[in-house]
Protein chains: 2
Amino acid sequence: MVTAVQHACFRHQLHDNRPDGSIVGSGMAGQSVAETKTEERGSDNSAGRSAEVDLIAVLVAVTGGEPRVMTLDGGRALPSGPFELAHRSLQSGLRDWVEQQTHHPLGYVEQLYTFADRDRGAGPTAARVISISYLGLTREDVGRDSAEGWRSWYDYFPWEDWRSGPPPVIEEIVAPALTAWAEGGGTERRHRVALAFGLGGNPWNEELTLQRYELLYEAGLVAEAHQPRLDEHGLLVPGRAMLTDHRRILATGIARLRAKIKYRPVVFELMPPMFTLLQLQRCVEALGGRLVHKQNFRRLVEQQELVEETGETAAETLGRPAKLFRFRHAVEVERAIAGTKLPLIRS
Amino acid sequence: MVTAVQHACFRHQLHDNRPDGSIVGSGMAGQSVAETKTEERGSDNSAGRSAEVDLIAVLVAVTGGEPRVMTLDGGRALPSGPFELAHRSLQSGLRDWVEQQTHHPLGYVEQLYTFADRDRGAGPTAARVISISYLGLTREDVGRDSAEGWRSWYDYFPWEDWRSGPPPVIEEIVAPALTAWAEGGGTERRHRVALAFGLGGNPWNEELTLQRYELLYEAGLVAEAHQPRLDEHGLLVPGRAMLTDHRRILATGIARLRAKIKYRPVVFELMPPMFTLLQLQRCVEALGGRLVHKQNFRRLVEQQELVEETGETAAETLGRPAKLFRFRHAVEVERAIAGTKLPLIRS
DNA sequence: ATGACAATACTCACTTTGAGCATAAGTTGG
DNA sequence: CCAACTTATGCTCAAAGTGAGTATTGTCAT
């Protein structure tokens, strides 16, 4: 526990929380703008008791060492559709829409977050919409009509890929722009920027994807399809835009996945039935946007008995042939037992 | 990562996931009942595009060493109300309802899960309802009109409190009943029961609260207010019932909180401004339902610099006076940086 | 054979945990 | 004031877990 207290936590007191529990404000004065942005951007009121409910999917696959997300409309939207009474459940509704729109079967799925504002996207007259978002993991079905909607998620967040060192975009564009913006916002704002983007000696934390996006949005540095702030500052951070708040939802999905692979064996949902340890490593690196220490990575995977040898070896082109492994599905059950990190008593 | 793979994970392929990512079925045949119970119990179809949206709160406090939850209606319901267009956001809507119904201010709040079925509670004619649930943490305002709706959450889940050893209910009632039920369900079902309840040599995992409840529900061993299965088996597991699916939502909240205190310093939301380390420990123990090793607990809290001395000591009645500490709010920011557990390269 | 390129094996120095043992500092009942 | 009790704090020790490298071993393309 203490652990109970081991990581980061943020307070929100009278303000809305972010999907990832990120910091919003600690009661200090000043950035009420920041604090109220996430779940409540505008929206006209009236009194009604029903709302339209949308289901949105962040469908992820990793192919060719790139993390990809399924998109529609030329990369501008995530698969989505309204929840209808005909749907058995939220998840089955989502599955219906995704399979219908992308012709891609959905495997592992988990709920991400429920948003209640679309103000970012719709005009001021837009009705209240509830967006229930899901994260889905699959293998890209190479060699089909697919490849169609799959795009590297780094197209949308170029500053998130640190696999070949700090992305130049940060030092060249993001950092200066954000720093300038933060000038007008007190220490708190500068602090948030430094933490999120690893400036001023702070280490980079790949899990803060959503916070970084929100910061950029708040600073008016990203444009979305419906709202091309193109000339406001004459300066925009690179990265492909999306409709309404789909890019925010994508950021939420990335953040969740980056955090989750660290404590649950979900990566395997993205791997083919058999793979080499290097392939597994590349997959993890693609998701995290960072390189990992090869030897230690293998040690972990093996000592945790997450995989088992298949007996076969990869027919690679270069170097010593690697053994092919398969995921030990048994761990799914075994690990259900683990979990705890409290300094428990007894045994 | 490998870590990426470190804990438990479950597959669901064509079935709905549980709020806590719990196991549902692994493609093996047999328990389709289990697999489809969570989010899709019945509900009549028609074609509509809007739904009623409810906000439900699991409001937690720890007083007198007991974890409490705020209830209404004589302990049969959680604070809740419909989301209306007049609400600024989901969270503010929730706050409005809770404060109006309980007269208790809401502090820390985080979204729990969105359910789409109320079949459990409402009759077959019930319209589609979306329930968006939240977890809230506060300090019980002792010495007010309050104390009113606060109930120990172990009233609802007696088998969850292991602070004074394995609860007798398990060996006496739960285990036999579940075992009998599992007989008719193949190895898989027996396995699930053993894992969830720590039978057959398996260790107890306090985080599986929701899975345990679901298992009991599936087995027809718990009754809810609207559906008092009282005589079906002539045997029911003890534990207070609630309206519709509120008890399930409560279980979801408990599970989430038990998991969260292990990696985020949220316990402090439940503590008074100043406290002794033993009080903090008791709070953690109350939540987890398990005892922790005192010395190691302190070591963790201190070495992680989660607290700082106030200089004062507690005016206790017994034993050596303890120092009073306060939470170091700075860690909220510092910890935002941490997070990673990948065997990263470089530094 | 010679390199190049990976896959694998092992080391080593710390750090982090799980479990206890030992003291210290008040309170309470003679 | 002393003995008995109760809780707070200090410390020790060994077993695991981690971060960073170094060394070897297979294969394929010259």
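Everything quoted here is computed from the prediction, not taken from an experiment. In what follows, chains are A, B, ... by sequence order, proteins preceding strands, each numbered from 1.
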For the pair B:R258 and B:E160, find out whether any cationic side-chain nitrogen is under 4.0 Å from an anionic carboxylate oxygen.
yes
In whole angstroms, the gap separating P of C:dA7 from CG of A:L280 amounts to 12 Å
Mark yes or no for whether B:D161, through its side chain, and B:P158, through its backbone, hold a donor-acceptor pair below 3.5 Å.
no
Between A:H293 and A:G319, which residue's closest nucleotide on DNA chain D lies nearer the 5′ terminus?
A:H293
Nearest to the A:P343 side chain among D:dT7, C:dG18, D:dT18, which nucleotide is it?
C:dG18
When the distance from CZ of B:F297 to P of D:dG10 is rounded to whole Å, what number comes out?
15 Å
Whole-Å distance between C:dC12 P and A:N296 CG?
16 Å
Hey, what do you get for CD (A:E308) to CZ (A:R326), rounding to the nearest 0.5 Å?
5.0 Å
Let me know the distance between CG of A:L318 and P of C:dG3, rounded to the nearest Å.
17 Å
Hey, is the side chain of A:Q295 pairing donor to acceptor with the base of D:dT22 inside 3.5 Å?
yes
Regarding B:L278, tell me which of base, sugar-phosphate or nothing describes its non-hydrogen contacts under 4.0 Å with the strands shown.
sugar-phosphate
Looking at B:K294, does any N or O in its side chain come under 4.0 Å of the phosphate oxygens OP1/OP2 on D:dT7?
no
Output the rounded distance in Å from CG (A:L342) to P (C:dA19).
13 Å
Would you mind classifying the nucleic acid contact of A:K323 as base, sugar-phosphate or nothing, using non-hydrogen atoms under 4.0 angstrom?
sugar-phosphate
When you get a sec, tell me which of C:dA19, C:dC10, C:dA22 is the closest nucleotide to the side chain of B:R299?
C:dA19
5′-ward residue of the pair B:P321/A:E302 relative to DNA chain C
A:E302
Closest listed nucleotide, where the reference is the side chain of A:R298 and the choices are D:dG10, D:dT18, C:dT8
C:dT8
So, OP1 or OP2 of C:dT27: does either fall under 4.0 Å of a side-chain N or O from B:R320?
no
Nearest-Å distance for atom pair NZ/P, residues A:K262 and D:dG17
20 Å
Nucleotide D:dT7, atom P - distance to CD of B:Q279 in whole Å:
13 Å
No-hydrogen, no-angle side-chain donor-acceptor test under 3.5 Å, B:Y108 and B:E110:
yes
Between A:Q281 (CD) and C:dA7 (C1'), how many Å, whole number?
11 Å
If you measure from the Lys or Arg side-chain nitrogens to the Asp or Glu carboxylate oxygens, is any gap between B:E309 and B:K323 under 4.0 Å?
yes
